[in-house]
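Read the structure below first, then the notes.
Naming convention: chains lettered A, B, ... in sequence-line order (proteins, then strands); numbering from 1 in each chain.
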Amino acid sequence: MTEAPCERRTSPSKRMRLDVTASDFAELEHLHPYGALPGGNVFFAEQARSAIRPSDLLPDDDAWLHILGYCNGRDLGCLVRSCRYFYVAGHSPELWRDLVLRQCEKRAIRNVGPTWKDTYVKLFYSETIPPHRPMSIPGIYSDTLYRLHSCRSFSIPKVWLDRSPTDTLERVSVNDLTVSQFKSRYEKPNIPVLIEGAAKDWKAFERWNRPEYLLQHAAGRTFRTTSGVAPLPGNFSLDAYLKYCESTILEEAPLYLFDRTALEPGSHLWNDYMEDLKSSCPYWDPELMKSNGHDLFQVLGEGRRPDHTWLIAGPKRSGSVFHIDPNCTHAWNAAICGRKRWIFYPPGVTPPGVHPSADGDEVTLPLSVGEWIFQFWDEHMQRKQSAPLHERPLECTAMPGDVIFVPHGWWHLVVNLDKMNIAITHNYVSDSNLSNTLKFLETKVDQISGCRDREESIKPEHLSEEFKKALKQQVPELLSEALKVPTWTCRAWKDAEAPKKSVIEQAKEAGPCPSFSFSFL
Amino acid sequence: MEDAIVKLTSKEGETFDVPRKVAMMSKLVKDTFSDDDDEDDEEDETEVKEVPLPNVTAPVLKKVIEYCTHYQEEEMTPIQTPLKSGTLDELVQAWYANFVKVDRNMLFDLVAAANFMDIKPLLDLTCLAVSILIKGKSAQELRQMFNISAELSPEEQAEAQRENAAAESS
């Protein structure tokens, strides 16, 4: 042998470590705060006991959590003192979170403690109560309790924290991208791209990384937060939300700030990025609508158009599970503070764990990012490695200052990686997706969103008509071009309408020499 | 077919003939049907579907069937949080409030059966009933009621007591 095995450049084990496997998430960042361990460990525990436990009465942990979900704070407070199991189960942060959210349906959360239990107690006591000190209780083995915790404590793979070969999304420097290049290479062919440094010179980039600045400009207002697993939204003052992001005990999926009113045109926060955006990314300048065909919904007027701008903020491991953006729109997403991991699936290629119904309307999927990772990462890895090239998922990490272009119809999932993460996103229609949007507004009225709960916005049933009317007045050529296109041009909606064919039928149709189309439409 | 029957088999092997519509309240039962739909376009009317329920004993299964049967005549008021009241009679109809007036073991067995068979309204009702048992009780009373051992060491108990004083008086 000419070289010893350990000197070989890319040994098999090294090669495999380049990509992330399911086991890379399993080593949790924090232990379960109350000492719960996975169910299997019970086989290694001491056997002899004469004690009767709640699990002897009812073995299902999720049933117990369901029961405890009907209890109020007082009852939970007594319950957690009654025995070990109830101490651990009764302190599940989800229970105390829901108690707070129900108390705060009509008021903002302004006073946050290190745990949801502390926050709950603060609702009733103005004087300082010593904070809750979790005790680690031995002997509690529960997959349910352990899993809930794992979903918020999964290990973040090192390769996600920086650029790596696992970043398969196309990338381009903001300095190397003109309007026509953006439109011809990405927007028209519907290809997602990471534009490096696009937001680096925005005033927001420098200012919003300072909490004092944001707090100053958010004084007096509250922000809406939601999570797929919480029964209600929570409205926080900004300093309470920032404190919440520092929480020590983590519920399965954190409340994620997704506020559509924070970035009002003309407001201070808007001015922190809008002018700078126009110079770094002229393809997204709304004032150039007539020449570039960008942001066509503006023809409806600011209050009447569907929601289109969002301030997004959240702690580590917050994020969005797989979804397609509303109303057939494209989007850009600027990472201002904190890194984000993005996972994309092409239009018409359903990601693991997602099940659209026949009309593309309802999707059921795991409700937290952590849950998706634990259940579906293996399948995702398989698709990365062996799905046909044009059906493969794409991934990347957006560093602060990067902007991602999310083309219409693309499935995407986002995980926030840093302690505090702040982003801006705008959704828009341009000449490239106008024909699809028009079809959507006409044929999918129940799926139209972003206009139902504001008085001034045009209601879904009238949106198609009003939009066409306004387009005719302001950009008639764009409208007539779009109206000429008879069918959907994006698989996200086109496939939903086609009758389902069997794999054999599809192969027969393809013929002896199937032509590959790498179109992402 | 409306008259179609489903045979539900308890742990002991006892079978109960249940109208299909009633049995389909259980998502577990429903899912065993949808597995078949892919194979045949038409229902085979002569064959009666049998679903084994090894986790559910006969007395409990009888109660579950009783619930699902009554539900066809009178749908239970959905239980929504926050609860408007602490008494069952004010939250659901009389029949349902009485349905859960059973001994402790049966109540827990019903929770387990509703969970296993995936019958949401029954699960909500039975879980609510247990939570009402918990309501207003002290830690010691809870231990007595459920006949459970504390297992918390004296230090652990003292710590839990100290900090729960606030939550308990909310």
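With a 4.5 Å cut-off on non-hydrogen atoms, A:Pro138 touches chain B through its side chain but not through its backbone. Only the side chain of B:Asn115 comes within contact range of chain A, with heavy atoms under 4.5 Å apart. With a 4.5 angstrom heavy-atom cutoff, B:Ser138 touches chain A only via backbone atoms. Contacts between A:Pro130 and chain B at a heavy-atom distance below 4.5 Å involve the side chain alone, from C-beta outward. Both the backbone and the side chain of B:Asp124 come within less than 4.5 Å of a heavy atom in chain A. For A:Phe86, the part lying under 4.5 angstrom from a heavy atom of chain B is the side chain only. Only the side chain of B:Leu83 comes within less than 4.5 Å of a heavy atom in chain A; its backbone stays farther off.
Interface remark: of the candidates B:Ala112, B:Gly86, B:Gly136, B:Gly136 forms the most heavy-atom pairs closer than 4.5 Å to chain A. Interface remark: of the candidates B:Gln157, B:Arg104, B:Lys137, B:Lys137 forms the most heavy-atom pairs closer than 4.5 Å to chain A. Ranked by heavy-atom pairs under 4.5 Å with chain B, the list A:Leu99, A:Asp98, A:Leu79, A:Val80 is led by A:Leu79.
Within 6.0 Å of CG in A:Leu31 there are 12 or fewer heavy atoms belonging to other residues, nucleotides or ligands.
Within residues 57-66 of chain A, the residues having any heavy atom less than 4.5 Å from a heavy atom of chain B are, in residue-number order, A:Leu57, A:Leu58, A:Asp60, A:Asp62, A:Ala63, A:Trp64, A:His66.
The closest side-chain heavy-atom distance from B:Cys127 to A:Tyr70 is below 4.5 Å.
Screening A:Asn72, A:Leu76, A:Ile67 for a side chain to side chain contact (heavy atoms under 4.5 Å, CB included) involving B:Ile134 leaves a single residue, A:Ile67.
Closest non-hydrogen pair, B:Arg143 versus A:Ser82, comes out as NE-O, 2.7 Å. Heavy-atom minimum distance, B:Ile148 versus A:Cys83: CD1-SG, 3.9 Å.
B:Thr81 OG1 to A:Leu101 CG: the interatomic distance, rounded to the nearest 0.5 Å, is 10.5 Å. The CD atom of B:Gln140 sits 11.5 Å away from the SG atom of A:Cys78 when rounded to the nearest 0.5 Å.
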